Amino acid sequence: MGKLLKVTLIGILLAFIGERIVQFCHRVNMNREVDPVDLPNCQLVKGIEFGSEDIEILPNGLAFISSGLKFPGVMSLQPDKPSIIFLLDLNDEKLRPVSLRLSRGFDVSTFNPHGMSTYIDPKDDTVYLFVVNHPQYKTTIELFKFEEEENALLHLKTIEHDLLWSINDIVAVGPESFYATNDLYFTDFTMKQLEILLGIAWSNVVYYSPTEVKQVSSGYYYANGIAMSTDNKYIYVADIMGHTIDILEKQADWSLTPVKVLQLDSLVDNLFVDPNTGDLWTGAHPNGWKLFSYNSDDLPGSEVIRVQNIHSDNPIVTQVYVNNGSVIQASSSAAVYEGKLLIGTVFHKALCCELS
């Protein structure tokens, strides 16, 4: 009886592991191949060579670009180079990115920027830039004031909290308040990999203000990009391992109520909302396995997806740009301004294309 029980338990365990491996292969789109979709008049942005992970565009066409992310388990082409926040004027046809100067006293040696969000104070038009930072692979939120004439970021404060343990992206809702995604539950590297492999949906969204911090949404495999609707009523969350965009309604107490979930075919990363149309744009990974197990002979591709009428019963989902990695690898963000599409990547270059 004991031997039979042991064999039965081993069989159950092997079946469980096998099922989880199959599900993991599905979540990372291990066997997915996509046909190319090209756009006219595309050009690589000179000077950005080792990442453009997240992009924020101001109403005047100035774009902030985070570059040089070092992230456990993800490729870095320049691991010894310092990380940078670039400023790119999309009104300038020459597309010349400028490295923003960080104010004296801020520790640039451990600066490791990830997701970003801007907030423009309606009282005086002050531009605040919130940056997810991973010094020594930990998590802080750095709050800066943008000083345009000096091409500088004035550091105002560092935000840390026990509920902000593994922040990936952020969307500002006030001069010191925001929603943010914890991409995984565990912080230990090995446990993170196990969490991804087993498909444990313990990732969440947190609301932060100086007076209140709380979890407002949970149950994601890997909460990633986050953005807000143009009317400020809804929050959008990308679950990169679930291939979904969740729509959540903001409440008066800053809690979030689920509205609907849009299922996609790709691993959606950062989200950008077109301020003129309300369309969602995302830089996505057509095959996540190629991203996580980098092979120079089989490069991770890029995919830009546009979602129109996301609140309707029949949203329109369009592949706007798809490349196999020969031009641009591992797209993580896509943002639009005045007919231009700016595509960012986890660790590679940045590409700007004309949409018409």
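Every heavy atom of this structure was used, including side-chain atoms; hydrogens, water molecules and symmetry mates were not. All values reported here derive from a predicted model rather than from experimental measurement.
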Checklist entry - Can you tell which of Asp265, Asn323, Asn324, Val322 makes a side-chain contact (heavy atoms from CB on, under 4.5 Å) with Val34? => result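 It is Val322, the one option of Asp265, Asn323, Asn324, Val322 that forms the side-chain contact (heavy atoms from CB on, under 4.5 Å) with Val34.
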Item to check | Leu262: which of Ile247, Leu280, Val307 passes side-chain contact (heavy atoms from CB on, under 4.5 Å) | outcome: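 The single option meeting the side-chain contact (heavy atoms from CB on, under 4.5 Å) with Leu262 is Val307.
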Checklist entry - With a 2.5 Å cut-off on the SG atoms, do Cys42 and Cys352 make it? => result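 The sulfur gammas are not closer than 2.5 Å, so no.
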Checklist entry - How far apart are the C-alpha atoms of Asn133 and Ile167, what are their side-chain angles, what is the distance that settles it, and do they pass the side chain to side chain contact (heavy atoms under 4.5 Å, CB included) test? => result CA-CA 8 Å; Asn133 185 25; Ile167 300 301; over 6 Å; no
Item to check | From CA spacing to verdict: side chain to side chain contact (heavy atoms under 4.5 Å, CB included), Ser331, Asp269 | outcome: CA-CA 8 Å; Ser331 59; Asp269 205 313; over 6 Å; no
Any donor and acceptor pair, going by atom type alone, linking the side chain of [X] with main-chain N or O of [Y] inside 3.5 Å?
{"X": "Ser52", "Y": "Ser67", "value": "no"}
{"X": "Arg96", "Y": "Asp89", "value": "no"}
{"X": "Gln215", "Y": "Val205", "value": "no"}
{"X": "Ser333", "Y": "Gly283", "value": "no"}
{"X": "Arg32", "Y": "Asn287", "value": "no"}
{"X": "Lys260", "Y": "Ser312", "value": "yes"}
{"X": "Ser166", "Y": "Asn182", "value": "no"}
{"X": "Asp162", "Y": "Trp165", "value": "no"}
{"X": "Ser66", "Y": "Asp54", "value": "yes"}
{"X": "Thr118", "Y": "Leu129", "value": "no"}

What distance separates [X] [atom1] from [Y] [atom2], expressed to the nearest 0.5 Å?
{"X": "His285", "Y": "Asn29", "atom1": "NE2", "atom2": "CG", "value": "11.5 Å"}
{"X": "Thr211", "Y": "Glu176", "atom1": "OG1", "atom2": "CD", "value": "10.0 Å"}
{"X": "Lys94", "Y": "Lys46", "atom1": "NZ", "atom2": "NZ", "value": "10.5 Å"}
{"X": "His348", "Y": "Phe50", "atom1": "NE2", "atom2": "CZ", "value": "12.5 Å"}
{"X": "Tyr221", "Y": "Ile200", "atom1": "OH", "atom2": "CD1", "value": "11.0 Å"}
{"X": "Leu102", "Y": "Asp107", "atom1": "CG", "atom2": "CG", "value": "10.5 Å"}

Item to check | ring pair (Phe, Tyr, Trp, His ring centres under 6.0 Å) between Phe106 and Phe111, worked out | outcome: CA-CA 9 Å; Phe106 181 75; Phe111 190 44; 5.4 Å; yes
Checklist entry - Are Lys145 and Glu147 close enough for a salt bridge, meaning some N to O gap below 4.0 Å? => result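 Salt bridge between Lys145 and Glu147, a charged N being under 4.0 Å from a carboxylate O: no.
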Checklist entry - Going through the distances and angles, do Val327 and Leu351 end up as a side chain to side chain contact (heavy atoms under 4.5 Å, CB included)? => result CA-CA 9 Å; Val327 176; Leu351 186 73; 4.2 Å; yes
Less than 4.5 Å apart, side chain to side chain, heavy atoms only: is that true for [X] and [Y]?
{"X": "Trp281", "Y": "Ile305", "value": "no"}
{"X": "His114", "Y": "His134", "value": "yes"}
{"X": "Asn91", "Y": "Tyr337", "value": "yes"}
{"X": "Val132", "Y": "Met116", "value": "no"}
{"X": "Val131", "Y": "Ile141", "value": "no"}
{"X": "Ile310", "Y": "Ile245", "value": "yes"}
{"X": "Tyr222", "Y": "Glu195", "value": "no"}
{"X": "Asp246", "Y": "Thr244", "value": "yes"}

Item to check | Set of salt bridge (charged side-chain N to carboxylate O under 4.0 Å, His left out) partners for Lys340, sequence neighbours left out | outcome: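 With sequence neighbours excluded, Lys340 shows a salt bridge (charged side-chain N to carboxylate O under 4.0 Å, His left out) to no residue whatsoever.
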Which heavy atom in [X] sits nearest to a heavy atom in [Y], and how many Å separate them?
{"X": "Ile328", "Y": "Lys349", "result": "CD1-O, 3.9 Å"}
{"X": "Leu88", "Y": "Pro97", "result": "CD1-N, 3.7 Å"}
{"X": "Asn224", "Y": "Val268", "result": "CB-O, 4.3 Å"}

Next on the checklist: Between Ile240 and Leu197, is there shared hydrophobic-cluster membership here, with clusters defined by ILVMFWY side-chain heavy atoms closer than 4.5 Å?
Outcome noted: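 Cluster IDs for Ile240 and Leu197 match.
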Checklist entry - Relative to each other, are the rings of His26 and His243 parallel, tilted or perpendicular (30° and 60° limits)? => result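 Correct class here is tilted.
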Taking the ring centre of each residue, are [X] and [Y] less than 6.0 Å apart?
{"X": "Tyr207", "Y": "Phe178", "result": "no"}
{"X": "Phe146", "Y": "Phe64", "result": "yes"}
{"X": "Tyr236", "Y": "His311", "result": "yes"}
{"X": "Phe347", "Y": "Phe71", "result": "no"}

Will you find, in the side chains of [X] and [Y], an N or O donor that is under 3.5 Å from an N or O acceptor?
{"X": "Ser229", "Y": "Asp231", "result": "yes"}
{"X": "Glu303", "Y": "Gln319", "result": "yes"}
{"X": "Thr345", "Y": "Gln329", "result": "no"}
{"X": "Glu160", "Y": "Thr140", "result": "no"}

Checklist entry - For His161, which residues count as a side chain to side chain donor-acceptor pair (under 3.5 Å) partner, sequence neighbours excluded? => result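 By the side chain to side chain donor-acceptor pair (under 3.5 Å) rule, His161 matches no residue at all.
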